[in-house]
Trainee: 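Quick one: this structure, given as structure tokens, is what I'll be asking you about.
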Amino acid sequence: MVYDWFNRSADPQNPQDPQPEQAAEPPAQDQAPAAPTPAAAEPSDIDQDALDWARQAYARLKAQQEAQKQEAAAAAEPQPKPTPPAEPTPVSTPDPVQAAKIPEPAAGLSLLEQAAAQRAQRQQEQLERAIETPAAPVEPTPAATDEAAPSLGDFDEDFTWSAEVLAAQGRQLSDISLEEIDWLGRLRRGMEKTRQGFVTQLLDTLGDDPLTPEVLDDLESLLLRADVGVQATDQVLEALRKRLNEEVVEPEEGIRFLKDQLKGLLDQPIKASGTALLAPERGRLNVWLMVGVNGVGKTTTLGKLANLAIRSGYSCLIAAADTFRAAAVQQVQVWGERSGVTVVSNPSANADPAAVVYDAIGAAQAKGTDLVLVDTAGRLQTKHNLMEELTKVRRIVDKLAPDAEVQSLLVLDASQGQNGLKQAMAFAQAAGLTGVVLTKLDGSSRGGVALAVSSEAGLPIRFIGAGEGIRDLRPFNSFEFVEALLAK
């Protein structure tokens, strides 16, 4: 079953009240035993409506998984062959030929010698049968890979949080998928380093008393240390100070207000772009250029995007236009094989990247491909010649496919913090960027750089990566990102 990640609902409809589905309930046998109350969460820490909704979601997903297992088992079983009509059993009579083949033990042999002769005779018969009917070869069991479909784990705190985030976005039980639950769990775990250094101190700073100006000063230091950026920090604190001048703000309300402010910062450039969720347009060619400096993970990100497109039902093709880095083409080909995506490349050394893109565009037009992903060489924004080469690639695309939808996506390493912000601002001027892909969130405590990129560079974040697996890259959702950032 295909799940289209590019057409996910991006905006929460009612972030406060989860909406349990009123449709038919899942089978009764899956409800009670499948979803016990999470041991790690007390009832006072979780909204009861959200917990009930999570139980129903778990029961439904478990029922779906069991049904899929049964279907797979039924498909794997060999169909019984029709039994031929029974024939009369012939009367067993000695075969003179077989009798001649099986020599009788010679008279006068001892019992031990007769037993040895019979054993040799049985071994000879088994050898003849093995030659006539060779054994079927044993197929090797495929090793577990990261391409394996997600499986439903325990009904724990992780699942409960993921289901609560989906419910807060107005999702219905019949609409959610195991892939979404799995991704939210990965995102939450990927943001662990940023959250440990930010949320723990934030809760200690807020305490149990209403917010004060001194608390806001401490909050400013926390935001800056998380690489949120000066402009974003000033905007958030100004809104909090204005709210504080109007009324008394309790800590819980302060966190809710902080979430709204952070989400607004992330959504602002997305709304300005006019495209809430970046997706390949059906019926026309889409060309996405992946740009950035060396070492940020452009090729890996491109491979994950190709896999995401294939899983979402799009046809895809990769142009290996990074012709300068050693083994770059081979790395792209490995990613293409993992997802079954064709890779267009030039085997000659130091081939012209524009020529590779030329061939890829022609092949995509001939096959009616939905999406072409272009892997470009890593470059510094200060290298004029390399930036001109990027402009040349763009001219080739515009000339060959004037009606194509072209996106220029900057891949940023979250662990680089403010250096990544400087790259984004420089590339935005030189390469005509239309969006950002934020990677390596799981290895960094500077996940707040996403807010700096949105507020200071004015670029919409389109995709985020929170792990090394092929499924650890998904379209960006500001609500889910903020919830994962500030999860307890």
Trainee: Could you report the tightest heavy-atom contact between Thr194 and Gly448, atom names first, then the distance?
Mentor: CG2-N, 4.3 Å
Trainee: Tell me, do Glu483 and Leu184 make a side-chain contact under 4.5 Å, heavy atoms counted?
Mentor: no
Trainee: What residues, two or more places apart in sequence or in another chain, satisfy ring pair (Phe, Tyr, Trp, His ring centres under 6.0 Å) together with Tyr314?
Mentor: Phe6
Trainee: If you take all heavy atoms of Glu220 and Thr233, which pair is closest and at what distance?
Mentor: CG-CG2, 3.8 Å
Trainee: For a side chain to side chain contact (heavy atoms under 4.5 Å, CB included) check, start with the C-alpha distance between Gln261 and Arg243, then their side-chain angles and the critical distance, and finish with the verdict.
Mentor: CA-CA 12 Å; Gln261 292 299 313; Arg243 179 76 178 269; over 6 Å; no
Trainee: Do the charged groups of Arg474 and Glu180 touch, with an N to O distance under 4.0 Å?
Mentor: no
Trainee: Could you give me the CA-CA distance, side-chain angles and deciding distance for Leu223 and Val236, then say whether side chain to side chain contact (heavy atoms under 4.5 Å, CB included) is met?
Mentor: CA-CA 9 Å; Leu223 291 172; Val236 170; 4.3 Å; yes
Trainee: Taking Gln268 for its side chain and Leu265 for its backbone only, find out whether a donor-acceptor pair lies under 3.5 Å.
Mentor: no
Trainee: For Glu66 and Gln64, does a side-chain donor sit closer than 3.5 Å to a side-chain acceptor?
Mentor: no
Trainee: Is a donor from one side chain sitting under 3.5 angstrom from an acceptor on the other, for Thr376 and Asp322?
Mentor: no
Trainee: Between Phe159 and Ala54, which heavy-atom pair has the shortest distance, and what is it?
Mentor: CE2-O, 3.4 Å
Trainee: Can you tell whether the side chains of Asp267 and Lys263 come within less than 4.0 Å, N to carboxylate O?
Mentor: yes
Trainee: Out of Asp158, Asp442, Asp182, which residue meets the salt bridge (charged side-chain N to carboxylate O under 4.0 Å, His left out) rule with Arg189?
Mentor: Asp158
Trainee: If you measure from CG on Leu317 to CG on Asp370, what distance do you get to the nearest 0.5 Å?
Mentor: 11.0 Å
Trainee: List the steps, then state whether side chain to side chain contact (heavy atoms under 4.5 Å, CB included) holds for Ile470 with Trp335.
Mentor: CA-CA 9 Å; Ile470 199 170; Trp335 279 105; 3.7 Å; yes
Trainee: Are Leu473 and Leu305 close enough that some pair of their side-chain heavy atoms sits under 4.5 Å apart?
Mentor: yes
Trainee: Using only atom types and a distance under 3.5 Å, with no angle test, would you say the side chain of Asn286 pairs donor to acceptor with the backbone of Glu281?
Mentor: yes
Trainee: To the closest 0.5 Å, what do you measure between CG (Leu277) and CZ (Phe463)?
Mentor: 7.5 Å
Trainee: With no hydrogens and no angle check, is any side-chain donor or acceptor of Glu253 less than 3.5 Å from a backbone partner on Val248?
Mentor: no
Trainee: Distance-only, no hydrogens or angles: does the Asn307 side chain make a donor-acceptor pair with backbone N or O of Lys304 under 3.5 Å?
Mentor: no
Trainee: Is there side-chain contact between Glu179 and Pro150, with at least one heavy-atom pair below 4.5 Å?
Mentor: yes
Trainee: Which atom pair, heavy atoms only, marks the closest approach of Ala321 to Pro353?
Mentor: O-CB, 3.3 Å
Trainee: Does Arg186 make a cation-pi contact with Trp183 (under 6.0 Å, within 45 degrees of the axis)?
Mentor: no
Trainee: Answer yes or no on whether Arg311 is positioned over the face of Trp5, meaning its NZ or CZ is under 6.0 Å from the six-membered ring centre and within 45° of the axis.
Mentor: no
Trainee: With the side chain counted from C-beta on, respond yes when Leu262 and Leu258 share a heavy-atom pair under 4.5 Å apart, and no when they do not.
Mentor: yes
Trainee: Which heavy atom of Ser315 sits nearest to which heavy atom of Gly368, and what is that distance?
Mentor: OG-O, 3.9 Å
Trainee: Checking Gln201 against Arg225: is there a side-chain donor and acceptor pair closer than 3.5 Å?
Mentor: yes
Trainee: Going by salt bridge (charged side-chain N to carboxylate O under 4.0 Å, His left out), name the residues that satisfy it together with Glu192, two or more places apart in sequence or in a different chain.
Mentor: Arg195
Trainee: May I ask you to check whether Arg55 and Thr160 show a side-chain donor-acceptor distance below 3.5 Å?
Mentor: no
Trainee: Hey, what do you get for CG (Leu237) to CG (Asp217), rounding to the nearest 0.5 Å?
Mentor: 8.0 Å
Trainee: Ile461 versus Phe481: any side-chain heavy-atom pair under 4.5 Å?
Mentor: no
Trainee: Can you name the closest pair of heavy atoms from Ala450 and Leu438 and give their distance?
Mentor: CB-CD2, 3.6 Å
Trainee: Kindly indicate, with the supporting measurements, whether the criterion salt bridge (Lys or Arg N to Asp or Glu O under 4.0 Å) is fulfilled by Asp398 and Arg394.
Mentor: CA-CA 6 Å; Asp398 294 338; Arg394 181 61 184 265; 3.5 Å; yes
Trainee: To the nearest 0.5 Å, what is the distance between CD on Gln231 and OG on Ser454?
Mentor: 11.0 Å
Trainee: Looking at Asn245 and Arg241, would you say the former's side chain and the latter's main chain have a donor-acceptor pair under 3.5 Å?
Mentor: yes
Trainee: Do Arg462 and Ser273 pair up side chain to side chain, a donor and an acceptor below 3.5 Å, judged on atom types alone?
Mentor: yes
Trainee: Please list, chain by chain and in numerical order, all residues satisfying side-chain contact (heavy atoms from CB on, under 4.5 Å) with Glu238, sequence neighbours excluded.
Mentor: none
Trainee: Quick one: OG1 on Thr299 to CD1 on Ile318, what's the gap to the nearest 0.5 Å?
Mentor: 9.5 Å
Trainee: Do Val372 and Leu285 make a side-chain contact, defined as non-hydrogen atoms from C-beta onward lying under 4.5 Å apart?
Mentor: yes
Trainee: May I have the step-by-step check of side chain to side chain contact (heavy atoms under 4.5 Å, CB included) for Gln407 and Leu289, ending in yes or no?
Mentor: CA-CA 6 Å; Gln407 298 287 336; Leu289 306 174; over 6 Å; no
Trainee: With a 4.5 Å cut-off on side-chain heavy atoms, are Ser151 and Gln65 touching?
Mentor: yes
Trainee: Do you see a donor-acceptor pair shorter than 3.5 Å between the side chains of Gln56 and Asp52?
Mentor: no
Trainee: Rounded to the nearest 0.5 Å, how far does NZ of Lys62 lie from CZ of Phe155?
Mentor: 12.0 Å
Trainee: Should the heavy atoms of other residues, nucleotides or ligands under 6.0 Å from CD of Glu247 be counted, would the total exceed 12?
Mentor: yes
Trainee: Find out whether Leu219 and Leu240 are in side-chain contact, i.e. whether some heavy atom of one side chain is under 4.5 Å from a heavy atom of the other.
Mentor: yes
Trainee: Just checking, is any N or O donor in the side chain of Asp413 or Thr439 under 3.5 Å from an acceptor N or O on the other one?
Mentor: no
